[in-house]
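Notes follow the structure.
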Amino acid sequence: MKKAVQKRLTEYINKGEDKSLDEVEIEEVIKEEATYEVEASFTNDNEKEIASGILLSVGYDGTKGCAYAKLYNPENRKLFIWYDEEKTHRPYLLTDLSREELEKIPDVINHKGLIGFGEVEKYDPLRDQWVKMTKVIADDPLSIGGKPNSLRELLPSDQWGKRAWEAKIRYHHCFTYDNNLIPGMPYIEKNKRLQLIEVKIPENVKENLFNLLKSEDIEYGDILDRYLPVFLYPVPHIDRVAIDIEVFTPELDRIPDSKEAEYNIISAAFASTDGLNKVFVLRRANLENSKKVEDLPSNVEIIYFVVKKKMIKKFLNIINRYPIVITFNGDNFDLRYLYHRAIRLGFKKEEIPIELTKDEAHVKYGVHIDLYKFFYNNAIKVYAFGNAYKEVTLDTIAKALLGTSKVEIEKPISELSLEELAHYNYQDAKITLDLTTFNDNLTLKLIILLTRISRLPMEDLVRQGVSSWVKSLFYAEHRIRNYLIPRPEEITGLKGTVDTTPIIKGKKYKGAIVVEPKPGVHFNVVVLDFASLYPSVIKKYNLSYETVRCVHPECRDQKVPETNHWVCKKRRGLTSQIIGFLRDIRVKWFKPMSKNKNLPDEVRNWYSVVQQALKVFINASYGVFGAEHFPFYCLPVAESTAAIGRYAIMKTIKKAKELGVEVVYGDTDSVFLKEPGEEKIRELIRWSSGELGIELDVDKVYRYLALSQRKKNYLGVFNDGSVDIKGLTGKKRNTPIFLQKAFMEVVRVLGEVKSVEDFEKAKEKIREIAQECYRKLEERKYSLEELAFKVQLTKPLKQYVKTTPQHVKAARMLAAQGKDIRPGDIITFVKTRGVPGVKPVQYASIYEIDIEKYKDHIRTTFEQILDALGIDFSEIVGIRSLDMFI
DNA sequence: GCGGACTGCTTACCT
DNA sequence: ACAGGTAAGCAGTCCGCG
């Protein structure tokens, strides 16, 4: 910085005139303009470079008018953007109209984007016949679909809609499938096309797997050969940077508007896998003399900026340097704010390597992964991370998966000292990065494997739900087999019937069976369950949209129980085959291998990731057929899966009873057996695989199991004394902490029970716990925090129109005080006397607490356990309650 | 005008 | 934007009550 400028700046700072900084900046900007070039280190401008590397992403470049691919070369750690410059592939749709018929449609012939027609032969799975289709080829994706005068809209209709097939597939996906590209795999450019770099699979592995699958009664054809590289090619190291920004806010509790970008980015933090640990901090005059923060790691460098524009330029340069940019909520906030802020400060669009769509933010020279969206995905939350985090916030996820949390701050962001701000900001970036690196890069590996299986570009994969993943996988498999992808209307039109009535109003068909529990304490209970029941059913009973209610009259006697549906006897269904394959290879190979102690840790770890990725697809495979927006939506498939599932569990219960074994409970795919004995368990398992063709396994063994009359509600104690709790209120996230604690004490007591006699002592201890709970409540010894209910808002406040639940009442009080309240927020409130009976914890006093309401809650929480033990709640607190009446 | 029986809404959980 | 089934608490409605 020039001396003169510095001097003036110091003067301003000393005077505390923040506004005057702008003038200084203008001088700075003029002087340093020459250095404001974007320093891109991507390499597609180097003509001699050969495109090769891991395929991270495929997209469409509107300016160049062709598809592109982003390849990351782990050796030189650079990203290469390859373009289909020769236009080897063009957008198209398929129609059953002949070329001659098409030529009679003037709008089609005169369409600006039309390139020409071609002829293809496809297998129509719905009708079990080969058909000739005409390929209508266009110059750009919008000519195919997406505009009112697109080609697909100009075609005539039949009873199911426009006579256009495969016309709604995004072009960059279409390009991926047709070129048989597998994102996440290594490619090299050859003759203007991308070619898969051959992955050597050890012969013995191949043979092992081949033999394992051969024992199955399904013909898997070339699937094994195609997928082995996908599962076995390792994920290389990929450099990445996590970014996080902090923005000045004049008002508390207001999230800055990322479109307005009215205020300064006062801090921007970076944490990368190649050692970049920096925080850019904007100097603000009134915050000059601030204290040092001890906790900031020594490898983190704080760089102070005076010139806002310069800071942003440096920021953009960092974004340009990495193949992967990671954020937590960057789609809606960080990158969006940065973009609009840059525009506000005078940057031209072309200078900002960020591209915004309605709810996504992409980086031009790499791939932006918004971890918020990825971790928000329920399939990831449940199947990949086993429900370890319940709330989707950076802090909660970090605590659950990393064991670290955000920096605690006592003041609003805008009032922190610059060092405190830097520390806080850096920690967020670091946590964000660590969410992709922890456990030997588990998250990144998972993402790469999921892109390989789904064939989705990484950007799409991390933002979309499982139904999109399965859709993409199915599309690709249709193309490989030369199957015509049916129009969704055809599937619903031809097989839209449902034969069962759901138990829950508003649902579409009947689901699983929950066995009426036998209340009481049962010792020595063994739980048997079907290993992934629904996928097994889909595999074993040949379920697929084309095989359920197939066209052949001779198959109509192959009935699905409880329905009028029948299943094809002549052909293997596509879904049955694919899901069957994924299931078999997981169950027979990857899952056992992930537990094989003879393997080195790395190998085992890898098998474990593959196994988890497969689980996500397998578990979603049933639900998607009952989801309207899924393009292969087919209720008879979902309904048949559930019906056969019910058949399996009912038959198993019947068989158990025949063997003289008592079934005390069961849910969907499990049976709880009382003192069954080794031999009868073996017999049941043998019977199941023989009779039903589905594997039954021992899942859990309880020393004792406590059941009330409530379904989905039990407490089991394993032989080692650990306790398995399902569905009980005491464990629910919204239950006040004081009750959760009391509940946990009860659980601890019950864990020590070994025999019937022990229950007497336990009962006495539980009585003490309950009475202590009552006493502390009456004496108002609990803090408001401990008494608070924590309930999530699932939609915007305005959308609660039918009723006003308590947490909404509390949230509205908060909103009235100017708090920013949005969906996903957890509202913390206590129950108070009088109207409206509820207050946000922040506004309540301990003396307003409605003690009677809380007593009711104590009662129900305890009753759930006591019911099962055959103890009356009044028996436990009876004396005290009577006292109160007198 | 008030409370009990009922239905519906909402959330969190189970498989 | 994968499915259906269950528990719990509260909001809102209807009806009877001289």
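Nothing here was measured: the structure is a model prediction, and the numbers come from that model. Below, chain A is the first sequence line, B the second, and so on; all start at residue 1.
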Over all atoms of both residues, closest heavy-atom pair of A/G824 and A/Q792:
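So the two residues come closest at O-NE2, 3.3 Å.
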Heavy-atom closest contact (A/G751 atom, A/Y704 atom, distance):
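Looking at all heavy atoms of both residues, the shortest contact is N-OH, 4.4 Å.
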Spell out protein contact along nucleotides 10-15 of chain C as letters: B when the base is contacted, S when just the sugar-phosphate is, - when no protein heavy atom is under 4.0 Å; keep the 5' to 3' order.
SSS---
Please report, rounded to the nearest Å, how far the [atom2] atom of [N] is from the [atom1] atom of [X].
X      : N      : atom1 : atom2 : result
A/D667 : B/dT15 : CG    : P     : 5 Å
A/I827 : B/dT10 : CD1   : P     : 15 Å
A/K507 : C/dG5  : NZ    : P     : 8 Å
A/H629 : C/dA3  : NE2   : P     : 6 Å
A/I504 : C/dT6  : CD1   : P     : 7 Å
A/Y509 : C/dC2  : OH    : C1'   : 9 Å
A/N387 : B/dC13 : CG    : P     : 8 Å

By nearest heavy atom, map A/N619 and A/P502 onto DNA chain C; which one lands nearer the 5' end?
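Its nucleotide being nearer the 5' end, the pick is A/N619.
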On DNA chain C, does the nearest nucleotide to A/I513 precede the nearest nucleotide to A/D856 from the 5' side, or the other way round? Give the residue.
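Its nearest nucleotide being more 5', the pick is A/I513.
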Pick base, sugar-phosphate or nothing for [X], based on heavy-atom distances below 4.0 Å to the nucleic acid.
X      : value
A/E628 : nothing
A/A627 : sugar-phosphate
A/Y534 : nothing
A/T794 : sugar-phosphate
A/Q799 : nothing
A/T860 : sugar-phosphate
A/I503 : sugar-phosphate
A/G623 : base

Which pairs with one or both residues in residues 526-543 of chain A pass side-chain hydrogen bond (donor to acceptor under 3.5 Å, both in side chains), sequence neighbours excluded?
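Found A/E216-A/K539, A/D217-A/K540, A/S536-A/R583, A/K539-A/D584.
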Listing time: all N or O pairs from protein to nucleotides 2-7 of chain B that are below 3.5 Å?
none

A/Y714 ring center near A/F672 ring center (under 6.0 Å):
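Centroid distance A/Y714-A/F672: below 6.0 Å, so yes.
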Distance-only donor-acceptor hits, side chain of residues 627-638 of chain A, under 3.5 Å, sequence neighbours excluded:
| residue | atom | partner | partner atom | Å |
| --- | --- | --- | --- | --- |
| A/E628 | OE1 | A/K508 | NZ | 3.4 |
| A/H629 | NE2 | A/S467 | OG | 3.4 |

Test side chain to side chain contact (heavy atoms under 4.5 Å, CB included) applied to A/D395 - qualifying residues, sequence neighbours left out
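Listed in chain order: A/T393, A/K399, A/S405, A/K406.
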May I ask you to say whether A/K495 pairs ionically with A/E546, meaning some side-chain N is under 4.0 Å from a carboxylate O?
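A/E546 and A/K495: not salt-bridged.
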With a 4.0 Å cut-off, would you call A/K712 and A/D667 a salt bridge?
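A/D667 and A/K712: salt-bridged.
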Would one find a side-chain N or O of [X] under 4.0 angstrom from OP1 or OP2 of [N]?
X      : N      : value
A/K712 : C/dT6  : no
A/Q464 : C/dA1  : no
A/R710 : B/dC14 : no
A/Y714 : B/dC13 : no
A/T668 : B/dT15 : no
A/H807 : B/dT11 : yes
A/K726 : C/dT6  : no

State whether the number of non-hydrogen atoms from other residues, nucleotides or ligands found under 6.0 Å of A/K651 atom NZ is greater than 12.
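Result for NZ/A/K651: open.
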Can you confirm whether A/T668 sits close enough to A/F530 that some side-chain heavy atom of one is under 4.5 Å from a side-chain heavy atom of the other?
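Result no, sub-4.5 Å side-chain heavy-atom pair not found.
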Would you mind reporting whether A/T832 and A/D850 have side-chain heavy atoms less than 4.5 Å apart?
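In short, these two side chains do not touch, never coming nearer than 4.5 Å.
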Should the pair A/K731 and A/F743 be classed as cation-pi, given the thresholds of under 6.0 Å to the six-membered ring centre and 45° from the axis?
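The answer is no; the distance or angle limit is not met.
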Is the cationic atom of A/K831 (NZ for Lys, CZ for Arg) positioned less than 6.0 Å from the six-membered ring centroid of A/F789 and within 45 degrees of its normal?
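Flagged: A/K831 positioned over aromatic ring of A/F789.
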A/K508 side chain: which of B/dC13, C/dG4, B/dT10 is closest?
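Nearest nucleotide to the side chain: C/dG4.
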For A/G330, does its backbone N or O pair with a side-chain atom of A/D370 as donor and acceptor, under 3.5 Å?
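At least one qualifying donor-acceptor pair exists.
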Pairs under 3.5 Å (Watson-Crick or G-U), crossing ones as [ ], inter-strand ones as |: DNA chain B comes out as |||||||||||||||
